[in-house]
Each structure stands twice: as C-alpha cells, then as structure tokens.
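Position 1 is the first residue of the sequence; numbering continues from there.
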Amino acid sequence: MELKDKVAIVTGSTRGIGREVAEKLASKGAKIVVCATKKETCDEAAAQISAAYQIEAIGCQVNVADSESVQNLIKVTLEKFGRIDILVNNAGITRDNLSLRMSDSEWDDVIKTNLNSVFYATRAVLRPMLKQKYGRIINIASVVGLMGNVGQANYAAAKGGIVSFTKTIAKEYGAKGITANTVAPGFIQTDMIESLPKEYLDTIIAMIPKKGLGKPSDVANLVLFLASDLSDYITGQVIQVDGGLLM
C-alpha cells in the first residue's frame with residue numbers, strides 16, 4: 001500500500017486518531033499536511049512526522065468551522081505540493097448534554113466543527129481532484145452517528161450527517177475517479193474517551209464482543225487501506241471499527 005508522492009491532508013492531526021492517521025500515511029511515503037487550531041502544535045507535529053518518516057510535511061493552522069480558513073488550507077497545500085490526493089476529515093469536538101438542557105451554542109459548535117467542516121473541506125478539494133481525475137475522501141464519523149447516544153444529540157446528528165453526505169459525494173463523483181468513504185470508530189483509546197468515568201467505560205466494554213477499547217492504530221490501518229489504490233472499487237461505504245459493538 002505505497003503512497004509515495006501522494007499528498008494527504010489530515011484535519012485534527014496533532015494528536016489522537018488524527019495524529020495516528022497522519023503517521024500511518026507518512027510511513028507509506030505520503031506527503032502530509034498537519035492541521036489543527038494552533039500553529040505551534042501543527043508545525044511541531046509536522047516536523048516530528050517529517051523527521052520520523054523522511055517525507056515532506058507541513059503544518060497549517062486552520063479553523064475547520066470557518067469556510068475561508070478551510071479554503072486557505074487548500075490554497076496553502078496546492079501552493080506547496082501542487083496537488084491533493086487524500087483528504088481525511090477527522091477534526092471533531094464534543095459538547096455533551098441532555099437534549100432538554102442543550103444550549104444553542106453547544107448544538108451549533110458541534111455541528112459547525114464536526115459536520116460543516118466536512119462539507120467545507122470536501123467542497124474545496126473537489127476541483128483539484130476533478131482536475132487530477134483522482135481523489136480519496138475519507139470522513140471520520142462514529143458509531144454514535146449510527147446508533148445515537150444519551151447526552152450526545154449534537155454529536156450523533158453531526159456524525160450521522162457525515163454518513164449521508166459521504167454517500168452523496170460518492171454518487172456525484174464516483175465516475176470521476178474520486179472515492180468517498182466513512183470510517184465509524186467505536187470506543188477508541190484517546191483523551192476524549194479516557195476522560196469518561198470508569199464505571200461508564202466498564203459498562204461499555206462489557207457490551208463490546210472484543211471486550212476492550214480500540215487503539216488509534218486500528219482506525220489508522222483502515223484509513224490507510226481506503227487511501228490506497230487497493231480500495232479503488234470501494235466508495236460510499238460506512239465501515240465500523242468498533243470491536244463488534246454495533247452489529
């Protein structure tokens with residue numbers, strides 16, 4: 001699954017699943033654009049990835065919830081590398097609350113960051129990908145977007161929206177050499193998950209056939225496959241990485 005000379009943008013890639021994805025793609029030769037909200041952490045992560053895998057990597061500060069900021073990300077990438085082959089929409093936040101108590105800002109912040117961002121970035125890369133007649137769009141959703149979850153109406157709505165949006169992109173551009181797929185992680189060992197109460201996590205783990213949390217590498221391995229030419233005839237799919245939680 002070599003990605004030599006491919007150019008990949010990974011949003012939210014300074015830590016967690018996004019960082020693991022960026023490193024996995026870099027390990028196969030891809031040039032990486034590391035994106036996050038803070039310039040210093042982007043530049044630091046890009047330098048570390050470049051040194052570790054001997055590939056070109058740049059950091060780009062971006063507010064994925066802002067259309068102009070995302071357009072600038074694409075502009076910077078094209079100016080540096082001249083093409084965009086892979087887009088991984090990974091950035092996301094949570095603002096959990098019961099629906100009755102959820103504020104407008106808690107709803108809006110999650111929808112803007114988790115769903116609007118996917119539209120902004122996908123729309124921005126479509127033109128260069130159409131010109132190339134090649135592209136891989138991989139959107140990171142969640143099993144919560146498929147099954148719902150108490151206290152996460154905003155998060156579930158955003159992640160469920162990603163699923164439908166991805167299928168639409170797959171139908172619109174499949175004949176143009178562009179594939180679009182959704183990866184739906186379950187409970188993965190990240191900072192977000194580790195902040196949950198132990199009692200709650202124990203309850204969740206008991207429901208997972210694999211009887212444990214997933215690792216960021218479990219998600220990154222699937223993203224690598226979808227980013228490679230081995231997945232050329234796969235598009236519009238939702239693939240769960242959840243240890244069998246939702247089946």
- In terms of hydrophobic clustering (I, L, V, M, F, W, Y; side-chain heavy atoms under 4.5 Å; direct or indirect links), are Val33 and Ile140 co-clustered? no
- Where Gly186 and Val143 come nearest, the two heavy atoms and their spacing: CA-CG2, 3.7 Å
- Which salt bridge (Lys or Arg N to Asp or Glu O under 4.0 Å) pairs, counting each pair once, include a residue from residues 168-183, with sequence neighbours left out? none
- Item | Presence of salt bridge, Lys75 and Glu79, under 4.0 angstrom | yes
- For residues Ala8 and Leu25, report the shortest heavy-atom separation together with the two atoms involved. CB-CD1, 3.8 Å
- Treating Ile, Leu, Val, Met, Phe, Trp and Tyr as nodes and any side-chain heavy-atom pair under 4.5 angstrom as an edge, say whether Tyr134 and Leu78 lie in one connected cluster. no
- Message: Testing the basics here: between Ile169 and Ala180, what is the closest heavy-atom pair and its distance to 0.1 Å?
- Response: CG2-CB, 3.8 Å
- Kindly compute the distance separating CG (Leu201) from CD (Gln189), expressed to the nearest 0.5 Å. 10.0 Å
- Neighbour count >12 (heavy atoms, 6.0 Å) for atom CE, Met147: yes
- Item | ILVMFWY cluster, Val223 and Leu3 together (side-chain gap under 4.5 Å) | yes
- Tell me, which pairs form a salt bridge (Lys or Arg N to Asp or Glu O under 4.0 Å) where one or both residues lie in residues 53-71, sequence neighbours left out? Lys31-Glu56, Glu56-Lys80
- Query: Hey, what do you get for OG (Ser217) to CG (Leu224), rounding to the nearest 0.5 Å?
  - Reply: 12.0 Å
- Query: Please walk me through it: do Ile234 and Thr179 pass side chain to side chain contact (heavy atoms under 4.5 Å, CB included)?
  - Reply: CA-CA 7 Å; Ile234 300 173; Thr179 64; over 6 Å; no
- Query: Do Thr37 and Gln61 come within less than 4.5 Å of each other through their side chains, counting heavy atoms only?
  - Reply: no
- Item | Criterion side chain to side chain contact (heavy atoms under 4.5 Å, CB included) on Ile9 and Ile32, from CA distance to verdict | CA-CA 6 Å; Ile9 296 174; Ile32 304 295; over 6 Å; no
- Query: Is the shortest heavy-atom distance from the side chain of Phe165 to the side chain of Thr122 under 4.5 Å?
  - Reply: yes
- Query: If you measure from CD1 on Ile93 to NZ on Lys112, what distance do you get to the nearest 0.5 Å?
  - Reply: 10.5 Å
- Message: Run Val163 and Lys159 through side chain to side chain contact (heavy atoms under 4.5 Å, CB included) and show every step you take.
- Response: CA-CA 7 Å; Val163 171; Lys159 295 301 187 178; over 6 Å; no
- Message: Would you say that Ile239 contacts Thr182 through its side chain, given a criterion of any heavy-atom pair below 4.5 Å between the two side chains?
- Response: no
- Would you say Leu245 and Val144 are hydrophobically clustered, going by side-chain heavy atoms of ILVMFWY under 4.5 Å? no
- Item | Heavy-atom check, side chain of Leu213 versus side chain of Ile188, under 4.5 Å | no
- Query: Should Lys24 and Glu20 be marked as a salt bridge (charged side-chain N to carboxylate O under 4.0 Å, His left out) after you check the CA-CA gap, both sets of side-chain angles, and the distance that decides it?
  - Reply: CA-CA 6 Å; Lys24 184 68 67 173; Glu20 190 75 23; 5.2 Å; no
- Any side-chain donor near an acceptor of the partner, Thr14 and Thr41, under 3.5 Å: no
- Message: For a 4.5 angstrom cut-off between non-hydrogen side-chain atoms, does Ile58 reach Phe81?
- Response: yes
- Query: Any side-chain heavy atom of Leu87 within less than 4.5 Å of one from Asn89?
  - Reply: yes
- Message: Check for me, please, whether Met129 and Val70 land in the same ILVMFWY cluster - side-chain distances under 4.5 Å, paths through other members count.
- Response: yes
- Task: Report yes if some heavy atom in the side chain of Val183 is under 4.5 Å from a heavy atom in the side chain of Val219; otherwise report no.
- Result: yes
- Query: Does any donor atom in the side chain of Glu106 or Asn97 lie under 3.5 Å from an acceptor atom in the other side chain?
  - Reply: yes
- Pairs satisfying salt bridge (Lys or Arg N to Asp or Glu O under 4.0 Å), at least one member in residues 92-105, at least two apart: none
- Message: Could you measure the distance from the CD1 atom of Ile137 to the CG atom of Asp85? Nearest 0.5 Å is fine.
- Response: 11.5 Å
- Regarding Asn90 and Thr11, is there a side-chain donor-to-acceptor distance under 3.5 Å anywhere? no
- Write down the atom of Ala141, the atom of Pro185, and the distance for their closest heavy-atom approach. O-CD, 3.4 Å
- side-chain contact (heavy atoms from CB on, under 4.5 Å) involving Ala158 - partner list, sequence neighbours excluded: Val110, Ile111, Asn114, Leu115
- Item | Pairs where residues 123-133 contributes a residue and the test side-chain hydrogen bond (donor to acceptor under 3.5 Å, both in side chains) is met, not counting sequence neighbours | Ser67-Arg123
- Neighbour count above 12 (heavy atom, 6.0 Å) for Lys167 NZ: yes
- Taking only residues at least two apart or on different chains, which pairs with a member in residues 134-150 satisfy salt bridge (Lys or Arg N to Asp or Glu O under 4.0 Å)? Arg136-Asp229, Arg136-Asp232
- Test side chain to side chain contact (heavy atoms under 4.5 Å, CB included) applied to Val238 and Leu146, step by step: CA-CA 10 Å; Val238 184; Leu146 303 175; 4.1 Å; yes
- Message: A side-chain contact here means heavy atoms from C-beta on lying under 4.5 Å apart; do Phe225 and Leu230 qualify?
- Response: yes
- Item | Interatomic spacing from OH in Tyr120 to CG in Asn63 - rounded to 0.5 Å | 9.5 Å
